[in-house]
Asker: 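Have a look at this one before I ask anything.
These numbers come from a predicted model, not from an experiment. Residue numbers start from 1 in every chain, and the chains themselves are labelled A, B, ... in the order their sequence lines are given, proteins ahead of strands.
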Amino acid sequence: MSPSEGMAKAYDPRQVEERIYRFWEEGGYFRPRMVPGRAPFVITMPPPNVTGALHLGHAMTAAIEDLMTRWHRMRGEPTLWLPGVDHAGIATQNVVERELAREGLTRHDLGRERFLERVWQWVYTYRARISDQHRRLGVSCDWERERFTLDEGLSRAVRVAFVHLFEKGLIYRGTRLVNWCPRCRTAISDLEVEYEEVPSRLWFIRYPILGDGWNGPGTWGSGRWAEGATRFITVATTRPETLLGDTAVAVHPKDDRYRALVGRQAVLPGVSRAIPIVADVAVDPAFGTGAVKVTPGHDPTDYEIGERHGLAIVNVLDEDARMNEEAGPYAGLELLECRRRIVEDLKREGLLEKEEPYQHAVGHCQRCHTVVEPRISTQWFVRMRPLADAAIAAVREGHIRIIPERFAKIYFDWLENIRDWCISRQLWWGHRIPVWYCDDCGGYTSTVSDPTACAHCGSARIRQDEDVLDTWFSSGLWPFSTLGWPEDTPDYRAFYPTTVRETGYDILFFWVAREVMLGLEMTGQVPYRVVYLHGLIRNEHGQKISKSMPDAERYDPLHIIQEYGADALRFTMTTSSTPGNDMNLDPRRIEGARNFANKIWNATRFVVSNFQTAPGTERAAPELPERWIRSRYHRLVGEVNALLEEYQFGEAGRRLYDFLWSEFCDWYIEVSKLRLYGEDPARAETAREVLLEVLEGSLRLLHPFMPFVTEELWQHLTRTPFAAGRGYGPALIVAPYPEPDTDALDPQAEADFERVKELVRAVRNARAERRVDPSRWIEAIVVAGRHAPVLRSQAEVLSRLARIAPERLEIVEERTERPTEAVPLVVGEVEVFLPLAGMVDIAAERARLQEALRAAEAEIARVRAKLENPAFVQKAPPEVVEKERQRLARALEEAERLRAQMR
RNA sequence: GGGCGGUUAGCUCAGCCGGUCCAGAGCGCUACGUUGACAUCGUAGAGGUCACUGGUUCGAAUCCAGUACCGCCCACCA
């Protein structure tokens with residue numbers, strides 16, 4: 001059977017991936033296989049938001065997690081990778097609202113119920129799409145355990161967690177200054193505010209001071225409002241419209257300029273309210289004028305100043321950022337319009353001292369990018385301090401390891417400075433807050449199942465809070481809510497705590513820290529033992545790819561899969577970056593990975609074509625190339641295992657690439673052809689055994705990186721007549737991961753074969769440089785000294801790979817006579833002469849030798865200088881010194897040979 | 001204002017708990033393609049003061065300090 005009959009000439013992922021995926025899924029290989037006494041390996045997949053299709057960032061997550069999952073599964077551990085999807089509260093509500101907007105509708109036009117129906121439609125569409133994308137990526141997660149944050153079980157977990165925290169006093173309701181998105185019309189947490197530098201202005205506004213013969217203002221807008229005032233205090237602000245809500249002016253207590261004014265009253269332009277001048281250390285005397293307008297209702301710093309001085313809070317904004325009735329003459333205006341008008345009016349009244357251009361950071365809503373307004377409102381909060389302390393301790397004490405380590409510091413910093421978490425959202429899509437208010441006694445009732453009466457007074461007149469929870473509240477329970485918690489289910493018992501949280505570092509605070517806190521609080525255990533953070537995928541402009549990008553569609557992994565195959569994408573993802581570092585996905589690398597898949601496809605095709613008969617009975621002893629490749633392979637097994645243990649996936653993948661391409665394909669396959677196409681069946685048999693051992697093992701090693709092509713090839717390989725009947729099992733996905741066999745390590749063979757390779761390369765080089773016809777068989781004399789016996793044993797390899805005529809290859813210990821008219825080469829301790837009749841340019845050869853000698857002498861000088869340095873000999877480790885000595889000896893010998901050749 | 005990451009061949013990136021790394025890969029480039037797996041290929045080759053400055057060390061791309069760019073995160077200076 002010729003190879004073309006069984007396998008295509010080039011690997012075509014489209015012919016393979018779908019079939020292989022079905023094979024795995026139908027074979028039930030994604031389900032954990034329990035092994036008594038064996039610790040399981042568990043990852044809960046970071047649930048993608050149902051806001052849209054997956055992008056390349058998700059493909060990264062999938063590639064790395066599947067790599068870990070497949071590796072552990074092959075090691076025989078009970079392995080569970082649990083998939084799921086996140087309802088993503090505010091984000092999903094927003095995308096659906098945007099969709100409605102295109103129809104000219106708002107959610108209020110539909111009402112809560114019909115709006116939620118629309119959202120569910122959306123969810124239905126995108127869940128299917130996400131699931132399809134994941135399958136195309138080849139994820140080996142257990143679909144039967146797929147979860148959604150709004151599932152009944154998970155919703156119950158949310159309730160249980162809420163009630164627990166509520167009863168423990170860790171959840172409380174309070175009226176505070178919160179971040180308010182006027183577009184979403186909801187409070188958001190500190191984390192959901194994104195600060196952005198924007199060019200703005202600093203307006204310097206004069207507030208007249210009451211007294212000194214001035215008893216108050218005139219009519220606002222008349223141009224004579226401040227007529228008669230003699231003293232003013234000037235404040236600088238970026239937000240003139242908020243002055244309508246000012247309740248004080250503050251100066252630094254030690255600021256001499258204003259000392260006399262503290263305790264007096266200024267009059268607020270526009271609304272003509274008298275407000276006190278107070279002294280507070282929060283004021284920076286060096287900024288602006290050193291006097292600050294204090295607006296406790298719309299600024300966090302001012303809020304604190306207000307608390308210290310018992311200032312009133314005046315809220316001048318509506319929930320959609322229009323000026324409310326407190327804004328007096330400006331009531332009803334949109335915020336920016338109000339700003340424009342008030343500046344104009346201040347000017348007219350002679351109260352605008354000056355304005356300067358000014359750049360400052362303005363908070364925007366993470367989800368809709370509207371400018372966030374600090375606003376007083378009544379919300380639910382989680383008291384974070386005690387939870388954060390436990391989460392810090394878990395990492396500090398080593399119960400959780402963060403990779404890469406530098407993120408531990410970032411994690412600590414955040415938790416140490418954490419503020420209470422606002423968890424209520426004035427949205428419709430999400431888990432409804434499980435609190436009921438009593439119309440009679442005003443008490444709060446929070447219970448797991450819906451109450452029928454107030455827990456305090458027994459009244460039946462209770463109403464549930466209209467709001468929903470921050471979506472991250474349910475995300476924070478993911479490692480255990482997905483396993484059945486709060487019920488004591490078999491899955492929860494078997495798989496919790498999980499093993500690894502693998503995700504992008506951008507959600508360390510949003511998610512990971514909260515999982516750790518809630519995990520510890522709710523289950524008393526860490527949710528996982530390792531946090532592995534990968535970098536972000538950036539586009540050609542260096543922007544992080546996310547679902548909210550307008551052109552997110554461009555980054556659908558299916559585009560790449562369609563063109564290059566899933567394995568190529570995955571191999572690129574897992575090997576072209578290091579943990580925690582971002583990557584620009586370079587199409588050339590994907591192409592390289594695609595070529596690699598094709599390379600191993602063809603290598604296997606070659607092997608398969610030679611495996612069409614059952615094993616023979618006679619087998620020759622392994623020769624140098626066989627011992628070499630086996631040693632290299634077993635060394636590789638050890639290295640790859642060690643690297644995977646250390647989470648160094650990229651390095652492990654690169655080693656596999658190098659070994660398969662540069663050693664196995666480039667050298668051993670070439671050598672094996674001598675056996676396979678030669679006269680001696682026993683040698684051919686040995687070569688087949690070695691090809692099988694190394695290739696089959698390599699496919700297993702590579703499987704977590706390139707699951708599809710390796711599975712397909714492994715099936716072809718293990719079903720050949722030669723390989724069949726050796727107990728290979730039904731599927732690579734569950735074949736055992738190779739274990740290192742130190743007995744196969746053979747440093748001598750590695751060194752000897754390395755010499756053979758160098759010799760071949762040197763001859764090829766000499767031929768190429770002298771333009772020897774590639775088809776021409778040349779003559780060679782090898783003066784090999786102590787290496788003669790080994791090289792003689794490899795005469796066939798040398799002659800075939802360097803295209804030296806076998807009958808004209810002479811390998812001797814010593815040189816008896818000096819060949820004339822020959823190209824001389826020196827390869828370490830070995831000399832080669834190529835009598836290339838008519839092609840030898842004596843002068844050129846001399847120059848070449850001269851150059852080589854110069855190099856050798858430079859080497860000698862360098863190493864000698866090192867060895868003559870007493871400090872080096874004394875302080876460097878003996879083995880390093882010894883290495884240098886050997887290096888010197890080798891260089892001396894080489895120089896000697898070069899000189900001899902030039903004589 | 002703090003903190004972190006990056007700066008290595010033309011391009012995209014490895015290497016970085018110091019010693020055959022007088023630095024590697026892929027792509028690109030140059031020349032050549034004999035060969036019964038592969039042109040998604042093969043062979044050979046060119047190409048880098050490892051951002052800069054100083055320090056530690058017998059020895060530094062690798063450790064320390066500083067500088068310069070690029071990027072990110074955190075932060076209530078109006």
Asker: Relative to the ring of A:Phe649, is the ring of A:Tyr647 parallel (under 30°), tilted (30 to 60°) or perpendicular (over 60°)?
Answerer: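 Correct class here is perpendicular.
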Asker: Identify each atom pair where a protein N or O and an N or O of nucleotides 14-18 of chain B are less than 3.5 Å apart, giving names and distance.
Answerer:
| residue | atom | partner | partner atom | Å |
| --- | --- | --- | --- | --- |
| B:rA14 | O2' | A:Glu651 | OE1 | 3.4 |
| B:rA14 | O2' | A:Arg654 | NH1 | 2.3 |

Asker: Sequence neighbours excluded, which residues qualify as salt bridge (charged side-chain N to carboxylate O under 4.0 Å, His left out) partners of A:Arg654?
Answerer: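 Expected list: A:Glu651.
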Asker: Going by side-chain contact (heavy atoms from CB on, under 4.5 Å), name the residues that satisfy it together with A:Leu692, two or more places apart in sequence or in a different chain.
Answerer: A:Phe611, A:Glu696, A:Leu717, A:Phe722, A:Ala723, A:Arg726, A:Tyr728
Asker: Return the stems involving RNA chain B, sorted by first number, where pairs are Watson-Crick (N1-N3 with N6-O4 or O6-N4) or G-U wobble (N1-O2 and O6-N3), both under 3.5 Å, and runs are 3 or more long.
Answerer: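 Result, WC/G-U stems under 3.5 Å: B:1-7 with B:68-74, B:10-13 with B:24-27, B:29-33 with B:41-45, B:51-55 with B:63-67.
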Asker: Identify all side-chain donor-acceptor contacts of residues 284-304 of chain A below 3.5 Å with residues at least two apart in sequence or on another chain.
Answerer:
| residue | atom | partner | partner atom | Å |
| --- | --- | --- | --- | --- |
| A:Asp284 | OD1 | A:Ala286 | N | 2.9 |
| A:Thr289 | OG1 | A:Thr234 | O | 2.4 |
| A:Thr289 | OG1 | A:Ala291 | N | 3.2 |
| A:Thr289 | OG1 | A:Ala291 | O | 3.4 |
| A:Lys293 | NZ | A:Thr242 | OG1 | 2.7 |
| A:Lys293 | NZ | A:Asp246 | OD1 | 3.0 |
| A:Lys293 | NZ | A:Thr295 | OG1 | 2.9 |
| A:Thr295 | OG1 | A:Asp246 | OD1 | 2.7 |
| A:His298 | ND1 | A:Pro374 | O | 3.2 |
| A:His298 | NE2 | A:Asn315 | OD1 | 3.1 |
| A:His298 | NE2 | A:Val316 | N | 3.0 |
| A:Asp299 | OD1 | A:Thr301 | N | 2.9 |
| A:Asp299 | OD1 | A:Asp302 | N | 3.0 |
| A:Asp302 | OD2 | A:Thr295 | N | 2.7 |

Asker: Within this structure, what is the CG-to-C1' distance between A:Asp413 and B:rG5, rounded to whole angstrom?
Answerer: 15 Å
Asker: Answer yes or no: is there an ion pair linking A:Glu646 with A:Arg401, defined by an N-O contact shorter than 4.0 Å?
Answerer: yes
Asker: Run the salt-bridge test on A:Arg239 and A:Glu373 with the 4.0 Å N-O cut-off and return the result as yes or no.
Answerer: yes
Asker: In Å and rounded to the nearest 0.5 Å, what is the CZ to CZ distance from A:Arg864 to A:Arg887?
Answerer: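 Going from CZ on A:Arg864 over to CZ on A:Arg887, the span is 14.5 Å.
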Asker: Rounded to whole Å, please give me the gap between CG in A:Leu508 and P in B:rC4.
Answerer: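 Result: 15 Å.
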Asker: Using the P atom in both, what is the distance from B:rA44 to B:rG26, to the nearest Å?
Answerer: 12 Å
Asker: Between the side chain of A:Arg755 and the main-chain N/O of A:Glu829, is any donor-acceptor distance below 3.5 Å?
Answerer: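 Flag not set: sc A:Arg755 to bb A:Glu829 has no pair under 3.5 Å.
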Asker: Scan A:Arg890 against the nucleic acid and name what it touches under 4.0 Å (heavy atoms): base, sugar-phosphate only, or nothing.
Answerer: base
Asker: Nearest whole Å is fine: how far is B:rG26 C1' from A:Leu660 CG?
Answerer: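 Distance, rounded to whole Å: 16 Å.
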Asker: Pick the C1' atom in B:rA9 and in B:rA25, then give their distance to the nearest Å.
Answerer: 11 Å
Asker: Quantified in whole Å, what is the P atom distance between nucleotide B:rU7 and nucleotide B:rC17?
Answerer: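 That atom pair is separated by 14 Å.
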Asker: Mind checking the CG-CG spacing from A:Leu825 to A:Asn765? Nearest 0.5 Å is all I need.
Answerer: 8.0 Å
Asker: Which residues pass the ring-ring contact (aromatic ring centres under 6.0 Å, His included) test with A:Phe510, sequence neighbours left out?
Answerer: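 In terms of ring-ring contact (aromatic ring centres under 6.0 Å, His included), with neighbours along the sequence ignored, A:Phe510 is linked to A:Trp472.
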Asker: Identify, with sequence neighbours excluded, every residue that meets side-chain contact (heavy atoms from CB on, under 4.5 Å) alongside A:Pro13.
Answerer: A:Tyr11, A:Glu17
Asker: What contact category does A:Lys673 fall into here, base, sugar-phosphate, or nothing, at under 4.0 angstrom with non-hydrogen atoms?
Answerer: base
Asker: With rounding to the closest Å, how many angstrom separate the P atoms on B:rG6 and B:rA51?
Answerer: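 To the nearest whole Å, 12 Å.
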Asker: With nearest nucleotides of RNA chain B determined for A:Lys409 and A:Gly592 from heavy-atom distances, which residue corresponds to the more 5′ nucleotide?
Answerer: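 Looking at the nearest nucleotide for each, A:Lys409 comes out on the 5' side.
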Asker: Without decimals, in angstroms, what is the distance between A:Glu859 CD and B:rC22 P?
Answerer: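 After rounding, the reported distance stands at 9 Å.
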Asker: Scan nucleotides 73-78 of chain B nucleotide by nucleotide, 5' to 3', and note B when protein non-hydrogen atoms come under 4.0 Å of the base, S if they reach only the sugar-phosphate, - if neither.
Answerer: -S-BBB
Asker: Would you call the rings of A:Phe596 and A:Phe571 parallel, tilted or perpendicular, where under 30° means parallel and over 60° means perpendicular?
Answerer: tilted
Asker: What is the distance from CG of A:Leu656 to P of B:rG26, rounded to the nearest Å?
Answerer: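 Taking CG of A:Leu656 and P of B:rG26, I get 16 Å after rounding.
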Asker: What's the gap between B:rC38 and B:rU43 when it is taken at their C1' atoms, as a whole Å value?
Answerer: 15 Å
Asker: Using whole Å, report how far CG of A:Asp773 lies from P of B:rU35.
Answerer: 11 Å
Asker: Please identify each residue that fulfils salt bridge (charged side-chain N to carboxylate O under 4.0 Å, His left out) with A:Glu893, with sequence neighbours left out.
Answerer: A:Arg897
Asker: Could you say whether A:Asp658 or A:Arg803 is positioned toward the 5' end of RNA chain B, judged by the nucleotide with the nearest heavy atom to each?
Answerer: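 Result: A:Asp658.
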Asker: Provide, to the nearest angstrom, the distance between the CG atom belonging to A:Leu713 and the P atom belonging to B:rA37.
Answerer: 16 Å
Asker: Tell me what A:Tyr677 touches on the nucleic acid: a base, only sugar-phosphate, or nothing, going by heavy atoms under 4.0 Å.
Answerer: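 A:Tyr677: base contact, heavy atoms under 4.0 Å.
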Asker: Sequence neighbours excluded and cut-off under 3.5 Å, please list the side-chain donor-acceptor pairs for residues 669-676 of chain A, or say none.
Answerer:
| residue | atom | partner | partner atom | Å |
| --- | --- | --- | --- | --- |
| A:Glu670 | OE1 | A:Lys673 | NZ | 3.3 |
| A:Glu670 | OE2 | A:Lys673 | NZ | 3.1 |
| A:Ser672 | OG | A:Ile669 | O | 2.7 |
| A:Arg675 | NE | A:Glu626 | OE2 | 2.9 |
| A:Arg675 | NH2 | A:Glu626 | OE1 | 3.0 |

Asker: Please test A:Ile410 against A:Leu508 for side chain to side chain contact (heavy atoms under 4.5 Å, CB included), starting from the C-alpha separation and ending with a verdict.
Answerer: CA-CA 9 Å; A:Ile410 297 171; A:Leu508 180 62; 4.3 Å; yes
Asker: Whole angstrom is fine here: how far is it from CG in A:Leu801 over to P in B:rU34?
Answerer: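 That distance rounds to 17 Å.
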Asker: Please produce a list of atom pairs where a protein N or O lies less than 3.5 Å from an N or O of nucleotides 40-49 of chain B.
Answerer:
| residue | atom | partner | partner atom | Å |
| --- | --- | --- | --- | --- |
| B:rU40 | O4' | A:Asn595 | OD1 | 3.2 |
| B:rU40 | O2' | A:Asn598 | ND2 | 3.0 |
| B:rU40 | O2 | A:Arg594 | NE | 3.3 |
| B:rC41 | OP1 | A:Asn595 | ND2 | 3.0 |
| B:rC41 | O3' | A:Lys599 | NZ | 3.2 |
| B:rG42 | OP1 | A:Lys599 | NZ | 3.1 |
| B:rG42 | OP1 | A:Trp661 | NE1 | 2.5 |
| B:rU43 | O3' | A:Arg764 | NH1 | 3.4 |
| B:rG45 | OP1 | A:Asn765 | ND2 | 3.0 |

Asker: Just one of A:Trp511, A:Tyr411, A:Phe407 clears the ring-ring contact (aromatic ring centres under 6.0 Å, His included) bar with A:Tyr505, so which one?
Answerer: A:Phe407
Asker: Residues from residues 867-874 of chain A sitting under 4.0 Å of RNA chain B, heavy atoms only?
Answerer: A:Asn869, A:Ala871, A:Phe872
Asker: What's the gap between B:rC76 and B:rC4 when it is taken at their C1' atoms, as a whole Å value?
Answerer: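 Here B:rC76 and B:rC4 have their C1' atoms 23 Å from each other.
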Asker: Using only modelled atom types and a 3.5 angstrom limit, is any donor from either the side chain of A:Arg588 or the base of B:rC11 paired with an acceptor on the other?
Answerer: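 By the distance-only test, yes, there is a pair.
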